[in-house]
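Input: a single structure, listed below in structure tokens.
Predicted model, so just to flag it, every value in this text is computed and none were measured. Below, read A as the first sequence line, B as the second, and so on, with proteins coming before strands; counting in each chain starts at 1. Reckoned from all heavy atoms, side chains included, excluding hydrogens, waters and symmetry mates.
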Amino acid sequence: MENQEKLNEFQARIDAGEKIEPKDWMPERYRQQLIRMMSQHAHSEIVGMLPEGNWIERAPSLKRKLVLLAKVQDEAGHGLYLYSATETLGIERDELVDQYLYGSAKYSSIFNYPTMTYADICAIGWLVDGAAIVNQTMLARSSYGPYSRANVRICKEESFHKKQGYEMLAKMADGTPEQQKMAQDSVNRWWWPSLMMFGPHDSDSPNSAELIKWQVKLKTNDELRQHFVDRMVMEAEAIGLTLPDPDLEYNEETGHWDFGDIPWDEFWNVVKGNGIMNRERMKARRAAHENGEWVREAANAYARKKKLQQEKAS
Amino acid sequence: MENQEKLNEFQARIDAGEKIEPKDWMPERYRQQLIRMMSQHAHSEIVGMLPEGNWIERAPSLKRKLVLLAKVQDEAGHGLYLYSATETLGIERDELVDQYLYGSAKYSSIFNYPTMTYADICAIGWLVDGAAIVNQTMLARSSYGPYSRANVRICKEESFHKKQGYEMLAKMADGTPEQQKMAQDSVNRWWWPSLMMFGPHDSDSPNSAELIKWQVKLKTNDELRQHFVDRMVMEAEAIGLTLPDPDLEYNEETGHWDFGDIPWDEFWNVVKGNGIMNRERMKARRAAHENGEWVREAANAYARKKKLQQEKAS
Amino acid sequence: MTAETKELTKKEAFLNYLLRLADDRLILGQRMSEWCGHGPQLEEDLAMANMALDLIGHATTLYEYAAEIEDEGHDEDYFAYFRDDRDFTNLQLCELPKGDFGFTIARQFLFSAFSYFQYERLKEAKDEQFAGMINKHLKEIKYHLRHSREWVLRLGDGTEESHNRIQESFDELWMYTDELFYMDEVDDLMIKEGMGVDSSEFKKEWKKLVEETLSEATLTVPDWDQFMMSGSRNGIHTEHLGHMLAQMQFLRRSHPDAEWK
Amino acid sequence: MTAETKELTKKEAFLNYLLRLADDRLILGQRMSEWCGHGPQLEEDLAMANMALDLIGHATTLYEYAAEIEDEGHDEDYFAYFRDDRDFTNLQLCELPKGDFGFTIARQFLFSAFSYFQYERLKEAKDEQFAGMINKHLKEIKYHLRHSREWVLRLGDGTEESHNRIQESFDELWMYTDELFYMDEVDDLMIKEGMGVDSSEFKKEWKKLVEETLSEATLTVPDWDQFMMSGSRNGIHTEHLGHMLAQMQFLRRSHPDAEWK
């Protein structure tokens, strides 16, 4: 079978560490999995602007306001080049946006938690961007060229965001009693959700094996999660904050930190769209899209007119 | 001429201090003048809710929040019975509301100034309600029965409002340096506009003579204004606030306080709809009216259904 | 890294109980007061200002008593102005933005119906001062219930537009209703002391009133078994509360030494 | 009861001049940042976050210099977080709610066009540090001007709806434009010292750019002779500013002793 031959050839390229580029042949399933993952990644960058945008107006210093604005700007940028990268797989951004606003496409459910205090902004920088980096560092070595390159770029900026969040959280943990309380409270609320960002246990993750075979992902959810936990335990200690897991314990044998049971019920609930802010996020994004329709239409109409004028002139 | 006879008879009743009641004969011009004055009074109560409503959310103590809410509630009530009183002249409330939202009917231009600080709420209570009371105390003796009675009731409540505003302003004038500054600043901004509430100089007030002849008004604009100034000078002194008029001086001869030139340019500008908040006020009221249309329609539809059901049942 | 739980004292439970009642009313009253000058008709401007006044008035009395029970030199304003959103224990139901008139009415109806059954029982509390204020507020709650119920009927059985609008509001609000019946050790202790009510006792009655009203209003009762929100009694809130508190507390906090009563 | 006026010192004038420039940018940037995550398309989310960042960045630099000039131990945050709305001297134009995308664009265009002409002259100011920062910001202002101008053309000459919408926005904004050219003794002294610009010098150029752009966008230039707002350079504002400041300053003021940089 020619198809099996092509598949073998494809797998050989993957195994040899070659990057797959848009014009290369690829299995339809590979394409579909990438579209799903990449667009979900893009949607997440976009929705991620909302919980952070929630604190721009109220940021407690001009510097912090600028930092937050720059971060949100970066996220819009990530969204843009992730959509572009996804478009190399032969699907239009409009369709992708439609799938997530009105269809079944997902975004990272972490953004369905509310940012209740300014410390949440710092905790997001540290934990959520921290988790994202672990994931994206791996994805930067993904077999699909455009996605790999997008993640290289994203990782660089995310590292900066994580650093800023961590530093400010450290300052709060070392600040007034109210600041300390706020910082610890944020970590208490964001710790488990950040662990959930790596997705279900490997045993409950049906796509994993295939994605790893194709080197779209290079590690399993549980491996990534463990890597994250090991790192965060040290970082938390360094700034004097406590992670809200009484079962956290260093395992001499494995050289890793063991941790308690993740509240999977909550995870599945939030994934199903039952997060405290889920409905609000979708409402906000749909409103943005729908209220912007006249603007996009105007831009298109104007571009058509100008094109016509140019054609006539030439 | 019968008409002249009726007019004479009407004037004689007025001169004898009798009240004119809805069913009594009255000159068309008397009716029209009253509709204009009374509906303007009603509209003013309604629009007056906006600058005060602006501070309900931000009132600095629970007590002050309750006081402000009660005041705004009273104003809605005044609006309601002033509209009812106006309806006795054979015009529907809907039409009156229409005239002011989309036509040329006016409301007191004092409400086109913004309430910039909480002290403005106190200054409004003291100066604006204070001026209104001077006016309404006179109108409580107006020749038209329903208007006269409405004003009796209104005056009672307004006096309470004025007292509350004055007391809080006094506390601020005796409070922290910031409170003192805020209080004085408010008085500086509201003093001249409150003088303008009595309308143009008698010489520029074409309706005055007629209204006085009919005892709709019992005093001229300038008389009322002088009465107000005399009173306010004393009250300002009592709480240690300065009125922003370097020409204020007691006149031994007249027994009154002389005061400086009123900035009439500003007055006419604001009357013409050029107050800083004029457009916003109209926008807010029109939006309230238009966004409420489906509610009023539903209430009417429901009432019709219920009536029909009752008729069928009986 | 172990979490220790101290035994709840009666005083702490009562303080919490009062604050939960008060927070609901302050936050809902604050939302209601946003209607000032923006109501669909003058009569409703009056009615809504009146309900806001009642709600915030009740909150004030409850906070006053809380301050007395707490006995740490705070006054009622302390609880309203100097706690942060993580300290507020009001229902998420109460903090949601006011929405359109139908949304405000639907929420008020659900809340007032609950308050009615709750206060009918709470008025028997074994604390004279507490029972006294509950009894006094009950009269006003009855009015809120009647007023909002009548509007549910008018809007539900009014025009097609009003029917759809208020149906949508109930659909949106539904997942916030389970929290009304949330109980924890605070309630348990209060019930044991003869001071609190077991809300599970009247859940059926409340549901019946709600279902009958919606049915009379030709509305569909949303699915009771859908996912329900939780957490507000422990200070978990939507992002809306923080913005509201910023407005509400700003002036007071900007001048902590000033006197404003 | 007589009012006394002290002679304005050069230092006071410069401080005021810097604060006026900075306040405009902070308040407009704050409004712009409200678009975060709510723009009509991703490219504009990016562009608007970028403009907000520029504006607030410029304000920060100006406040820093103001603190240096004032020399009373304040920092840039002091001016942004601890002054009240009566102290803010930003144009009313900048504080108006963000409106729809067209309103935001129309305002940005009017403001950026003014800033462009103003900065083109200010960059020659006889104060190296000041001229230096103006020169640096000018590059970004040119981008704001180009970006907003292009959108004025697209919306004005786009569809009927977009044409009508942005026309309405210009109509609404018009009465706030005269204040751009307001001058008083602060400006006079700054001009005298070779540090300020006489805005009447480029009013014609500004008008021309505005009129030509509107005309190219098939829009009607509103009446220049209508009533124009005034007062903001002396701290007179609409009711919108207070609400914005409550949000902006709340957290910072709630914790006056905390460090947040």
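Neither the backbone nor the side chain of C:Trp35 comes within less than 4.5 Å of any heavy atom in chain B. For C:Phe101, the parts lying near chain B are the backbone and the side chain together; criterion is any non-hydrogen pair under 4.5 Å. For a residue to count as touching a neighbouring chain, one of its non-hydrogen atoms must lie under 4.5 Å from one of that chain's; by this rule B:Leu66 touches chain C with backbone and side chain alike. Heavy-atom distances place no part of C:Ile105 under 4.5 Å from chain B, backbone and side chain included. Only the side chain of C:His255 comes within contact range of chain B, with heavy atoms under 4.5 Å apart. Both the backbone and the side chain of C:Gln247 come within less than 4.5 Å of a heavy atom of chain B. Contact of B:Glu57 with chain C is made through backbone and side chain together, with heavy-atom distances under 4.5 Å. When heavy atoms are compared at a cutoff of 4.5 Å, C:Arg165 approaches chain B solely by way of its side chain, counted from C-beta outward. For B:Leu50, the part sitting under 4.5 Å from any heavy atom of chain C is the side chain, from C-beta outward, and nothing else. Residue contact with chain C, scored on non-hydrogen atoms closer than 4.5 Å, involves the side chain of B:Thr176 exclusively. Interface remark: C:Ala80 contributes side-chain atoms only to the contact with chain B (heavy atom separation under 4.5 Å).
In this structure, CZ on B:Arg58 lies 14.0 Å from CD on C:Gln249, to the nearest 0.5 angstrom. Separating the SG atom in C:Cys36 from the CD atom in B:Glu75 is a distance of 9.0 Å, to the nearest 0.5 Å. Separation of atoms CD (C:Glu259) and OG (B:Ser61) is listed at 8.0 Å; rounding is to 0.5 Å. B:Leu80 contributes atom CG, which lies 4.0 Å from atom CG of C:Leu42 (distance to the nearest 0.5 angstrom). Taking CD from C:Glu44 and CZ from B:Arg296, the interatomic distance works out to 11.5 Å, rounded to the nearest 0.5 Å. Taking CZ from C:Arg252 and CG from B:Leu62, the interatomic distance works out to 8.0 Å, rounded to the nearest 0.5 Å.
Ranking B:Ala298, B:Pro60, B:Ala284 against chain C, the residue ahead of the rest is B:Pro60, based on heavy-atom pairs under 4.5 Å. Of all the listed residues (C:Ile166, C:Asp75, C:Leu155, C:Leu26), the one sharing the greatest number of non-hydrogen pairs under 4.5 Å with chain B is C:Leu155. Counting heavy-atom pairs closer than 4.5 Å to chain B, the top-ranked of the candidates C:Phe250, C:Tyr81, C:Tyr63 is C:Tyr81. When each of C:Ala49, C:Gly37, C:Gly57 is checked for heavy-atom pairs under 4.5 Å with chain B, C:Gly37 comes out on top. Each of B:Lys63, B:Lys305, B:Glu293, B:Arg304 has some count of heavy-atom pairs under 4.5 Å with chain C, and the biggest count is that of B:Lys305. For the options C:Asp45, C:Asp157, C:Leu251, C:Ile56, heavy-atom pairs under 4.5 Å to chain B are most numerous at C:Asp157.
Residue B:Lys163 qualifies as open at atom NZ: its count of foreign heavy atoms under 6.0 Å is 12 or below. The 12-atom threshold is not exceeded at CZ of B:Phe160, counting heavy atoms of other residues, nucleotides or ligands nearer than 6.0 Å. Around atom CD of B:Glu92, no more than 12 heavy atoms belonging to other residues, nucleotides or ligands sit under 6.0 Å away. Around atom NZ of B:Lys156, no more than 12 heavy atoms belonging to other residues, nucleotides or ligands sit under 6.0 Å away. The 12-atom threshold is not exceeded at NZ of C:Lys136, counting heavy atoms of other residues, nucleotides or ligands nearer than 6.0 Å. At most 12 non-hydrogen atoms from other residues, nucleotides or ligands lie less than 6.0 angstrom from NZ of B:Lys181. With a 6.0 Å radius and a threshold of 12 heavy atoms from other residues, nucleotides or ligands, B:Lys306 has its NZ atom above the threshold. Crowding of B:Glu311 atom CD: a count of heavy atoms from other residues, nucleotides or ligands under 6.0 Å exceeding 12.
Here the shortest heavy-atom pairing between B:Leu69 and C:Ser33 reads CD2-CB, 3.9 Å. Residue B:Gly292 comes nearest to C:Pro40 through the heavy atom pair CA-CB, 3.5 Å, listed as atom of the first residue, atom of the second, then distance. Contact detail for C:Trp260 and B:Arg64: the closest heavy-atom pair is O-CG, 3.1 Å.
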Side chain to side chain contact (heavy atoms under 4.5 Å, CB included) between B:Lys65 and C:Gln30, worked out: CA-CA 9 Å; B:Lys65 196 187 283 285; C:Gln30 179 86 352; 2.7 Å; yes
Decide side chain to side chain contact (heavy atoms under 4.5 Å, CB included) for B:Trp294 and C:Thr159; before the verdict, give the C-alpha distance in whole Å, the side-chain angles of both, and the deciding distance to 0.1 Å. CA-CA 8 Å; B:Trp294 69 277; C:Thr159 64; 5.7 Å; no
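Using a cut-off of 4.0 Å between Lys/Arg side-chain N and Asp/Glu carboxylate O, C:Glu43 and B:Arg93 are scored as salt-bridged.
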